[in-house]
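Chain naming here is simple, since letters A, B, ... match the order of the sequence lines and numbering starts at 1 in each.
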Number of protein chains: 2
Amino acid sequence: MNELDAPCCGSPDGEIAIESEEERDTQLAQLAKAVGHPTRVAILRTLIERDECVCGELVDELPYAQSTVSGHLKTLKEAGLIRGEVQGPSVCYCIEPRGLSLFKQLVDEL
Amino acid sequence: MNELDAPCCGSPDGEIAIESEEERDTQLAQLAKAVGHPTRVAILRTLIERDECVCGELVDELPYAQSTVSGHLKTLKEAGLIRGEVQGPSVCYCIEPRGLSLFKQLVDEL
DNA sequence: GCGTTTCATCGTTTTTTCCCGATAAAGGTG
DNA sequence: CACCTTTATCGGGAAAAAACGATGAAACGC
């Protein structure tokens with residue numbers, strides 16, 4: 001695969017452990033909390049649609065200041081729902097498939 | 001069906017409209033926000049497991065004051081995830097299947 | 001009717017979230 | 001090296017959330 005054509009967000013690098021009952025509640029709550037804001041849902045949808053997206057593009061599309069969008073990206077990243085990779089001066093964000101899958105699974109198991 | 005044996009939370013009484021793109025983002029965010037707290041996840045799991053549950057039982061099982069639990073129940077009810085029905089002096093809570101299904105669907109569609 | 005039980009609501013305090021502008025860090029370009 | 005672009009972080013202010021105890025309302029038993 002040509003390096004220039006490679007997606008900015010490569011392969012996963014770990015496993016998701018299966019937690020206890022209570023830890024799963026906490027984890028579901030954390031993931032849901034991260035999704036629990038319209039702007040963050042919009043960011044997720046954009047990343048799902050485009051596969052990857054530079055931070056600045058997100059800022060352009062959202063009616064918020066750059067620092068605000070950056071904060072939402074941080075929230076999503078810390079929740080394990082997206083990942084960001086530095087690409088020269090900018091940062092390319094994309095979905096973290098394992099995080100999103102885990103969220104879907106935990107919700108579906110309800 | 002005998003009235004005494006009837007479940008406290010009866011049949012649904014309305015339809016869930018299909019909203020626009022942006023409204024769906026907002027709705028998903030609202031539902032996720034409601035789920036985004038460990039105590040509320042615990043309440044949901046209990047109601048799913050038991051099918052129905054009186055408020056006081058929830059309070060007994062959770063490490064929070066009665067008013068706090070009542071507040072969480074209100075949050076879940078306003079989000080459309082549970083319903084409560086007065087049963088004499090107490091209140092019987094149960095899952096609102098349409099709300100939970102909608103949540104699952106919106107998450108799965110991500 | 002009176003007290004008891006059950007739950008919601010109110011008022012308060014503390015903590016967290018959200019948003020912004022300003023600043024700093026890191027990577028290009030000339 | 002100086003400059004510009006891009007993004008993260010900081011500090012602050014406003015708003016919302018979370019928890020509690022206390023009070024109030026509704027339904028029952030005596």
### Task
Starting from C1' on C/dA8, measure out to CD on B/Glu78 and report it in whole angstrom.
12 Å
### Message
Just the rounded figure in Å: distance from P of C/dA8 to CD of B/Gln87.
### Response
13 Å
### Minimal non-hydrogen separation, A/Cys92 against A/Gln87, with atom names
CB-OE1, 3.7 Å
### Task
Check whether any side-chain heavy atom of B/Glu57 lies under 4.5 Å from a side-chain heavy atom of B/Arg50, and answer yes or no.
yes
### Message
Check the phosphate of D/dC20 against B/Thr68, side-chain N and O only, distance under 4.0 Å to OP1 or OP2. Yes or no?
### Response
yes
### Task
Find the distance A/Leu73:CG to C/dT17:P and express it as a whole number of Å.
17 Å
#### Entry: Residue pair A/Val41 / A/Val35: nearest heavy atoms and the distance that separates them
CG2-O, 3.2 Å
### Task
Indicate yes or no: at least one non-hydrogen side-chain atom of A/Phe103 is less than 4.5 angstrom from one of A/Leu28.
yes
### Task
Mind calculating the distance between NZ (B/Lys77) and C1' (C/dC7) to the nearest angstrom?
10 Å
### Query
Which of the following nucleotides, C/dC19, D/dC20, C/dC18, is nearest to the side chain of A/Tyr64?
C/dC19
### Message
Can you identify which nucleotide, out of D/dA18, C/dT9, C/dA8, has its nearest atom closest to the B/Tyr93 side chain?
### Response
C/dA8
### Task
Nearest 0.5 Å please: distance from the CD1 atom of B/Ile43 over to the CD1 atom of B/Ile48.
12.0 Å
### Query
Expressed in angstrom and rounded to an integer, what is the separation of A/Glu85 atom CD from D/dT6 atom P?
19 Å
### Task
Respond yes when some side-chain nitrogen or oxygen of B/His72 is under 4.0 Å from OP1 or OP2 of D/dA19, and no when none is.
yes
### Message
Looking at B/Ser67, I'd like to know whether one of its side-chain N or O atoms comes within less than 4.0 Å of OP1 or OP2 on D/dG21.
### Response
no
### Query
Which one, D/dA8, D/dG21, D/dT5, comes nearest to the side chain of A/Ser70?
D/dA8
### Length of the line joining A/Gln66:CD and C/dG21:C1', which is rounded to integer Å
11 Å
### Summary
Out of D/dT7, C/dC20, D/dC28, minimum distance to the side chain of B/Pro89 belongs to D/dC28
### Message
In this structure, how many angstroms lie between the C1' atom of D/dT6 and the NZ atom of A/Lys74, rounded?
### Response
17 Å
### Task
Would you please confirm or rule out a distance under 4.0 Å between OP1 or OP2 of C/dC19 and any side-chain N or O of A/His37?
yes
### Task
Give A/Val54 one of three labels, base, sugar-phosphate or nothing, depending on what nucleic acid heavy atoms sit under 4.0 Å from its own.
sugar-phosphate
### Task
Tell me whether the OP1 or OP2 atom of C/dT17 has a side-chain N or O from A/Lys33 closer than 4.0 Å.
yes
